[in-house]
Amino acid sequence: MKKFYLLTPGPTPVPHKVRQAEAQPIIHHRTKEYAEIFREVSEDLKTVFKTSNAVLTFAASGTGAMEGAVANTLSPGDRALVVKGGKFAERWAEICEAYGVEVVPIDIEWGDFVSPETIKEHLDRDPGIKEVFTTLCETSTGTLNPIKEIGEIIKNREGTLLTVDAISGLGACDIEVDKWNVDICVAGSQKGLMLPPGLAFASVSEKAWKFIDNSKLPQYYFDFKKAKKSLEKGQTPYTPAVSLTIALKNALDMIKEEGIGNVLNRHQKLADATRAAVKVLGLELLSKKPANAVTAVKVPEGIDGVELVDTLDKKYGIRVAGGQAHLKGKIFRIAHLGYMDRFDIITVIAGLEMTLSDLGYKVEIGKGVKAAEEILKDL
Ligand SMILES: *Cc1c(COP(=O)(O)O)cnc(C)c1O
């Protein structure tokens, strides 16, 4: 017999109560009953995003809302500044290109974060750039970008929007959409929000709505204006993911009960403990600015990273993520995201110690766990 532990940066574990909510009999969506639930979750999402802007919900994976952000705000031939430096950052560039938007890239090394000064230089040199696309937590490298500082640079530029992929960051790394001047903030259900995959979210600022009025790119399913008009009636233009929305209500209730500040503090502690543990085992972090959603760890010399992830999974039942693209086999990623507490971290660190030992890496069993426990006992 073996239990299964999910510590990947999406999908993440779903609490029992939330899974039970999903198992309720389906209700029809064009009813007062559904409208009331959808209105409530749309309001509660604002607390998590820290915004007074409308938060739109789509039945889609997170990428759907990313695509919507591009398609609703820009016109063919527009220029967009895209911060690269990871798998998900590159997705912004790919979506822009698919829609005929010219990409001005900022290439940074994977594991590094963008300097706000670099963004300022680009915008000063080329004030025609209509939108800056970046990522709160770059999940492929476990790196946090300085969104607040970037917002300071963009807020007074009437012709430029700031759009942030917070799909893995929301609920783990702080983001204050209104205070930090984020025009569009995108999130997904299967990360910090403790739900199964299937919902995508986008908050949209007043400034962004003006861009949306003037956008000439085509859109149909991800039409933000249509979504907002429906939301005012507690509805979505098309059939919503009814069960997921009801599950979301339960997940948001849990977040409200804990308090968003406490949720963020918990993620800070879990991240601190994970980092401390891998470091005392002699391993190195990939990121120059580690995010609190996921820790990317370099695979030590002489160890096969794919085998490490496989052993943790097959032998110990602990699923972490490997590296993506050129980092495949070179890093592994431990999520501390969403429905996780101190013992998830103790478990994964213990499993990691056993796995490293199996693979012939010299490790003092219990050393990482000890370092983690010292931080986690006061969670
Ligand atoms: C998971 C993730 C995505 C992808 O979301 P999907 O739901 O798979 O479409 C995009 N960006 C970041 C930063 C992510 O972590």
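Start at 1 and go down the list; that is how both ligands and their atoms are numbered.
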Return all side-chain donor-acceptor pairs below 3.5 angstrom for residues 8-23, not counting sequence neighbours, or 'none' if the list is empty.
{"unit_1": "T8", "atom_1": "OG1", "unit_2": "P11", "atom_2": "O", "d": "2.8"}
{"unit_1": "T12", "atom_1": "OG1", "unit_2": "Q190", "atom_2": "O", "d": "3.3"}
{"unit_1": "T12", "atom_1": "OG1", "unit_2": "K191", "atom_2": "O", "d": "2.8"}
{"unit_1": "R19", "atom_1": "NE", "unit_2": "V14", "atom_2": "O", "d": "3.1"}

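Under the 4.5 angstrom side-chain criterion for Ile, Leu, Val, Met, Phe, Trp and Tyr, the cluster partners of F211 are L161.
One finds no salt bridge joining K289 and D112 here, because no Lys/Arg side-chain nitrogen approaches an Asp/Glu carboxylate oxygen to under 4.0 Å. Under 4.0 Å is where a charged nitrogen must lie from a carboxylate oxygen, and between E152 and K148 no such pair does.
Closer than 4.0 angstrom to ligand 1 by heavy atom are S61, G62, T63, F88, R91, T135, C137, T139, D165, I167, S168, Q190, K191, sorted by chain and number.
Residues passing the ring-ring contact (aromatic ring centres under 6.0 Å, His included) test with F113, sequence neighbours excluded: none.
The aromatic rings of F133 and W92 lie tilted to each other, with the angle between the two planes from 30° to 60°.
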